[in-house]
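To start, the structure itself, in structure tokens.
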Amino acid sequence: MEAIKGIAASPGIAIGKAVVLGESQERIAYRTVEEDQVPAELARVERALEASRADVRRLRTRMASRAGEDAARIFDFHLGLLNDQLLVGPILGDITRERVVAEYAVAEGFRKFADMLRAQPADTIAEKASDVVDLQRRVLGHLGEQVATRVTNTRGPVVVVAHQLTPSQTAELHKARVGGFVTDAGGLTGHTSILARALGMPAVVGCGRATQNIEEGDTVILDGDGGVVIVRPDDGLLERYQFLAREAEARTRALRETVAEESVTRDGMAIQLLGNIEFPEEITQVLANGGAGIGLYRTEFLYLTSEVPPTEEDQLESYRRAIELCAGRPLTIRTLDLGADKYTQEHLDEAERNPFLGLRSIRFCLANPEIFKTQLRALLRASALGPIKIMLPLVSHVMEIRETRMMLNDLCEEFDEQGVPFDRNIALGIMVETPAAALMARAFANEARFFSIGTNDLIQYTLAVDRGNERVAGLYNAANPAVLTLIKSVIRTARHVGIDSSICGEIAGQPLFTPLLVGMGVRTLSMSPGQIPAVKRVVRSLEIDHCESLARRVGSFDSDRQVLSCLRDELRRIDPEALARSEGS
Ligand code: PEP
Ligand code: MG
């Protein structure tokens, strides 16, 4: 038995056999095409190969500048493979002779080639098989194939163990009904963790060496509340966790009963609870959990889950779907928050040294006006279909709002000339997630119609702590008085100036913070769908006077320890079960 400590990224308990993700083993369904479609399939393969060669050339250039020519040479091997007739010839041959679809021919061609390498006696050649699998994923990606991980076919509860998962892989796991996942890397507010919470999938991240300590097939207990992974547990511990898992399920069922209840305090103050989503389909979950609409729709996932950038029509289609599902309820759509991620870094000749302080979010959009305009056009067209608001991420200069407003005005003029319908009065607001925006909230309020405080980034930038780095996770704390002071002043300013404000960072969904935030004057909270019932239950036991005096008391503390202990005492008093849950006991 072994216990591995990590970061409690998504609550819940999962017990199952470990599936350690290494190399993927794609299996694409066998399909054929009509005779006259064969040339088109051949052309698709050629295009996918060419796009993959371009990717590899880009990676090579980047590697050469970062690690020198010697390291970059490994990509020459990749390029060589993509041109190798021993690999490419049979793929094209299969399509011509057997009329199979491009995806199948590519998957099989690469698989056979990798098998052939594996069968070689020399280890150095056999090792090259993983390069072939890597290229296979890339080429399939360019064919538009959502490459499934092998867990798709697994029966029974499993716990996936991986070094790192991308958001799209996490979404794939969900579809495969995986019990939960453990990763070596990652932090609480990384997008993979956020997605796990959104999907209601227990997760422990930042475990360091889980992939080395867990063997395929080991029994694993994943405690997503306590942030612990127990490998090969003894019978006693297994029984205890099975009991805890049953209890947690019963608690979740009980919480769901709050769905139909109103989100009001005991003294009648309405607190609007909204959902944070990455995909329109999650709106169903938000509503099923008793949410009143969407406070944050993170649109960059459209980019992160596909190898090809989404077109204006693709984006419009997603927004249309979201508007339909919201059926007139609030829907705030955030413009692309790309920049500190794999997508943008991979498209640069040289990756940024410090992407979180680099060309990300609104800066990236303004520097890439074609990408930004495509999204703004889609948003404006969507605004004719139902009520939406536009929100800009990571604003730190008023000029960023003004420039966006100018772009929007230009597009409005164009649409007027073309007779394209749109909502002339569409609200443009900002995320307050940099200290600059928080400190200058009054000036920003002249330009923005609403504020939404993004505490995930606000904490990172205020405390100078990387939100995704497990080594400094202990310093990343929402209860830090510096962070709380900024939140309080933004809420006050918004109220004073008369614009709407809300919180959409992770603390919005943590019952521990609910009394404090309400006491500071917050009236709208936006969170992962699964967190809505627990927060609503706390809201229903609050009294505004009491919350305000709590906020005053907390305002006098100078350490996060004092703040947390005071918040724990408060939650213990009003909802001891919520406290037990938040502490993972
Ligand atoms: C935030 O920073 O608080 C936020 C909600 O945005 P994201 O987590 O997408 O960066
Ligand atoms: Mg953010």
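Each ligand, and each atom within it, is numbered from 1 in the order the structure gives. Heavy atoms only: backbone and side chains are in, while hydrogens, waters and symmetry mates are out.
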Which of V160, V205, V159 passes side chain to side chain contact (heavy atoms under 4.5 Å, CB included) with V182? It is V159

Output yes when the distance from some N or O of ligand 1 to some N or O of G454 is under 3.5 Å, and no in every other case.
yes

Measuring from non-hydrogen atoms of R467 to any atom of ligand 1, is the shortest distance under 4.0 Å?
yes

Applying a 4.0 Å heavy-atom criterion (strictly less than), which segment of Q460 is in contact with ligand 1: side chain, backbone, both, or neither?
neither

For the Mg ion (ligand 2), the closest N/O/S atom belonging to D457
OD2

Please answer whether the main-chain N or O of T211 pairs with a side-chain N or O of D184 as donor and acceptor at a distance below 3.5 Å.
yes

Do the charged groups of E300 and R334 touch, with an N to O distance under 4.0 Å?
yes

Taking non-hydrogen atoms only, is R334 closer than 4.0 angstrom to ligand 1 via side chain, backbone, both or neither?
side chain

Checking the N or O distance criterion of under 3.5 Å, is ligand 1 in contact with E300?
no

M407 atom CE: more than 12 heavy-atom contacts under 6.0 Å
yes

Of the side chain and backbone of L296, name the one, both, or neither that has a heavy atom under 4.0 Å from an atom of ligand 1.
side chain

Heavy-atom pairs closer than 4.0 Å: do any link ligand 1 to the side chain of R298, the backbone, both, or neither?
side chain

If you measure from the Lys or Arg side-chain nitrogens to the Asp or Glu carboxylate oxygens, is any gap between R321 and E281 under 4.0 Å?
yes

Closer than 2.8 Å to the Mg ion (ligand 2), do we get an N, O or S atom from E433, backbone or side chain?
yes

Should R360 and D337 count as an ion pair when the cut-off is N to O under 4.0 Å?
yes

Check the pair Q375, Y319 against side chain to side chain donor-acceptor pair (under 3.5 Å), reporting the backbone distance first and the verdict last.
CA-CA 10 Å; Q375 179 169 41; Y319 308 151; 2.9 Å; yes

